[in-house]
There are 2 protein chains.
Amino acid sequence: MNEGVEWAMHSCVNLSWTTGAAITAKRLAAFYDLPTAYLNKQLQALTRAGILTSVSGPKGGFQLARDPKNISLLDIVVAIDGPDEAFRCTQILKAGPHADPSVDYTRSCLISQAMRSAELAYRQELAAQSIADIAARVVSHTPEAPDRVRNHFTNLKA
Amino acid sequence: MNEGVEWAMHSCVNLSWTTGAAITAKRLAAFYDLPTAYLNKQLQALTRAGILTSVSGPKGGFQLARDPKNISLLDIVVAIDGPDEAFRCTQILKAGPHADPSVDYTRSCLISQAMRSAELAYRQELAAQSIADIAARVVSHTPEAPDRVRNHFTNLKA
DNA sequence: GATCTACTACTCGGATAGTGCGTGTCCGAGTGGGGCCGG
DNA sequence: CCGGCCCCACTCGGACACGCACTATCCGAGTAGTAGATC
């Protein structure tokens with residue numbers, strides 16, 4: 001899995017606490033000491049996916065495009081890592097003896113089915129977790145976290 | 001995910017129907033028109049993982065090392081694709097402000113926890129499916145499949 | 001004729017190239033603000 | 001003094017190298033069977 005997924009998730013949680021002002025990629029990267037240009041690339045992907053909104057120029061930056069409650073971890077994984085499933089059925093049964101060319105073995109092959117059901121369980125688990133959920137649980141564990149994040153971004157010199 | 005996982009699973013199902021005799025990599029590859037040497041590499045991985053047993057020389061080949069009921073799809077995925085999880089937490093919180101160097105964020109980071117729980121669901125789904133289960137469901141759908149496979153391997157000229 | 005031995009053919013096993021994707025970086029397009037000039 | 005215009009600095013966006021892992025392949029190690037020679 002793409003490493004940028006982790007960066008994107010943490011950045012989204014931080015952005016959920018800094019609504020109203022756009023945060024630049026540079027500041028988001030500095031927060032965790034990440035390579036700025038590369039994080040910018042991931043944020044672009046989130047923007048294309050409709051998770052973030054971006055504005056260019058001075059006073060520009062990124063912010064969440066919608067309520068954190070409506071941003072699931074699955075949304076982020078799909079945006080960064082792509083929509084393809086990890087297991088891709090190549091329908092090798094088509095090359096075997098007694099194969100029916102008209103059958104879509106992606107659906108009928110039992111191995112393909114088993115792998116798909118496993119990935120479905122994975123995706124459902126991720127779809128059930130929203131950025132808001134994560135943020136709330138962070139707060140319940142470290143109540144001062146949102147203020148720390150806000151101060152870190154706002155108190156920084158222009 | 002490694003493409004060889006698909007090959008390995010289908011080959012294991014076929015091997016579950018040809019107990020008693022060792023099948024060579026060449027024949028297993030010919031069954032689905034796969035590159036012999038590369039499939040051999042995957043079978044080696046299964047052997048190292050203790051899923052298959054191999055014998056060299058004439059009359060050599062591979063066969064299942066244990067009852068198909070005790071070979072889960074997860075075993076095969078781990079053997080071919082490696083034991084690492086897809087999402088690897090790099091503990092970027094360690095680089096953030098107010099970080100505690102003594103904390104293992106792989107455990108305490110809520111994002112890491114969420115990703116781990118999702119992968120756990122994925123793995124549990126795979127662990128619950130055995131090669132014997134798959135083979136049985138294939139038989140219930142295509143009862144002649146085992147005989148076809150046996151004949152395909154035994155009737156082939158030496 | 002039987003037995004031991006050497007050879008051959010065949011298979012697994014690991015070491016060796018080729019290639020696509022993730023990783024990392026850079027420069028250009030676009031934008032808002034600030035300074036300067038003119039009225 | 002006030003308004004408009006121009007320049008500049010800053011940021012996102014996409015285009016450009018680099019490295020690693022997956023893909024694919026080949027040759028050597030080891031073994032079983034067989035043919036031949038010897039007793």
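In what follows, every heavy atom counts, from backbone to side chain, and hydrogens, waters and symmetry copies are set aside. So that the names make sense, note that chain A is the first sequence line, chain B the second, and so on, each numbered from 1.
- Residue B:Gln63 contributes atom CD, which lies 12 Å from atom P of C:dC12 at whole-angstrom precision.
- Between the CZ atom of B:Phe62 and the C1' atom of C:dT11 there is a distance of 9 Å, rounded to whole Å.
- With a 4.5 Å cut-off on side-chain heavy atoms, A:Thr24 and A:Phe62 do not count as touching.
- Residues A:Tyr38 and A:Trp7 bring their aromatic ring centres within 6.0 Å.
- Using a cut-off of 4.0 Å between Lys/Arg side-chain N and Asp/Glu carboxylate O, B:Lys94 and B:Asp104 are scored as not salt-bridged.
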A:Ile76 vs A:Ile131, side-chain contact (heavy atoms from CB on, under 4.5 Å): CA-CA, chis, key distance, verdict: CA-CA 10 Å; A:Ile76 296 177; A:Ile131 290 296; 3.6 Å; yes
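- Atom CZ of A:Arg88 is separated from atom CE of A:Met115 by 11.5 Å, given to the nearest 0.5 angstrom.
- Distance CZ (A:Arg27) to C1' (D:dT11): 12 Å, rounded to an integer number of Å.
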Show each protein N/O and nucleotides 4-10 of chain C N/O combination with a separation under 3.5 Å, one pair to a line.
none

Encode nucleotides 14-25 of chain C as B, S and - characters from 5' to 3', where the letter depends on protein heavy atoms closer than 4.0 Å: B to the base, S only to sugar-phosphate, - to neither. BB-------BBB
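- Taking atom CG of residue B:Leu52 and atom P of nucleotide C:dC12, one finds them 11 Å apart after rounding to whole Å.
- If you check the side chains of B:Thr19 and B:Gln63, you find no donor sitting under 3.5 Å from an acceptor.
- Side chain of B:Tyr122 to backbone of B:Ser117: no donor-acceptor contact under 3.5 angstrom is found.
- Shown here are the side chain to side chain donor-acceptor pair (under 3.5 Å) partners of B:Gln129, two or more places apart in sequence or in another chain: B:Arg137.
- Computed from coordinates, the B:Asp33 CG to D:dA24 P distance equals 12 Å when rounded to whole Å.
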